[in-house]
Amino acid sequence: MRRVVLPQLSLDPSLLTSHELSLEPDTAHYLLRVLRQSPGQEIEVCDGKGMRWLARIHEQATLHTCLVTLLEQLPSQPEPFPIYLAQGLPKGDKLELILRQGTEVGISGFFPFSSDRTVVQLDAKKAVKRLERWEKIVQEAARQSQRGHAPEVHEVVALRELNEILPKGWPRLICWEGEQSLGLQAWVRSFSAPPPGVVILIGPEGGFSAQEVESLRQQGVISVGLGPLILRTETAGLAVSSILQYEWGLLSG
C-alpha cells in the first residue's frame, strides 16, 4: 500500500477529529503523479512519529484540492534498534547521502559536528535553510523506506560541545583506524543482551586526531577498530549501523 507522511498530524492532533485532511501541493503531487494513485484508492497515512492510518483519496481530488479521508488507525510498526550517528561534517553533498541512506538502514538521529580536520567552512547565515533541507531529506527517505518515524537532524556543533547534546546512558563508540586492541565484532559479542541504544562517532575526511580520540575516551567514549580496511567518512557510519541493525534490530529478520 502506498504511503504519505503528514507531519501536521503530530503537530495538530485536532485534525484527526474531522477525518478529512487537505494535502499540501507537494504531497498531492507525490501521491497522484509520482505514485500514480487515483481518486477513490486507499493509501496509508503516517504522522512521521510512528502512528499510521488507512485512508481513501477523495473522489474529486486534484493536485490543487486533494483531500483524503481517514478510515481507521493501523497498528504501529516495529522500530529499528536505536542508533544515533554523530557525523563529522564532510565535504560537498556527502552529508546528504549519509542522511538519506542512514535513514534507510534505521538510524534514529543525526548529530553533525565540526572538528580539527573538518574542511567545510560553516556559513551561519545559511544554517536555517541547510537544516530545513536536511530534515526534508530524512523525511523523504523515511517515506520511501516506509519507516514509522523520521529521524531527528540536529544543528552542527563543535566536537567539544557534542557530549552535552548526545543521548545519555547509552554506549558511545568512536570508530578510529588507530584502535588495535578492540574491534567492533568483539565489542558487540561482549553483550549478553542488546544495550538500549548506541551512539556512533565518525570523523570527517582525515578522521579524528589522536588528541581528539584521547579527549573523547576521557568522556567515556569507547574506541573500536573496523579492521584493516580504511572506510570513507560517508561509508563508515552506514556500515556500522547496518551491522548493529543486523545484530540487534530490524535487519536481523
Would [X] and [Y] count as having a side-chain donor-acceptor pair, cut-off 3.5 Å?
X	Y	value
Ser223	Glu179	yes
Gln139	Thr103	no
Glu140	Tyr30	no

task = Indicate the ring-plane relationship of Phe111 and His154, choosing parallel, tilted or perpendicular according to the 30° and 60° boundaries.
result =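 If you compare the ring of Phe111 with that of His154, the planes turn out parallel.
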Identified salt bridge (Lys or Arg N to Asp or Glu O under 4.0 Å) counterpart of Glu96 within the set Arg133, Lys136, Lys91 =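 Looking at Arg133, Lys136, Lys91, the match for Glu96 under the salt bridge (Lys or Arg N to Asp or Glu O under 4.0 Å) is Arg133.
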key: Closest non-hydrogen atom pair between Gly197 and Phe81, with its separation   =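 Of all heavy-atom pairs spanning Gly197 and Phe81, the closest is CA-CZ, 3.8 Å.
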Nearest-0.5 Å distance, [atom1] of residue [X] to [atom2] of residue [Y]:
X	Y	atom1	atom2	value
Asp26	Leu63	CG	CG	11.0 Å
Leu32	Cys66	CG	SG	4.5 Å
Arg160	Gln219	CZ	CD	12.0 Å
Glu79	Leu250	CD	CG	7.5 Å
Ser22	His58	OG	NE2	11.0 Å

ask   = Do Arg143 and Glu44 sit within salt-bridge range, that is, some charged N less than 4.0 Å from a carboxylate O?
value =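 No, no charged N to carboxylate O under 4.0 Å.
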Same cluster (ILVMFWY, side-chain, under 4.5 Å), Leu244 and Trp170 =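 No; tracing contacts between hydrophobic side chains, which count when under 4.5 Å, never links both residues.
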query = Same hydrophobic cluster for Ile243 and Val224, using side-chain heavy-atom links shorter than 4.5 Å among ILVMFWY?
reply =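 Ile243 and Val224: one cluster.
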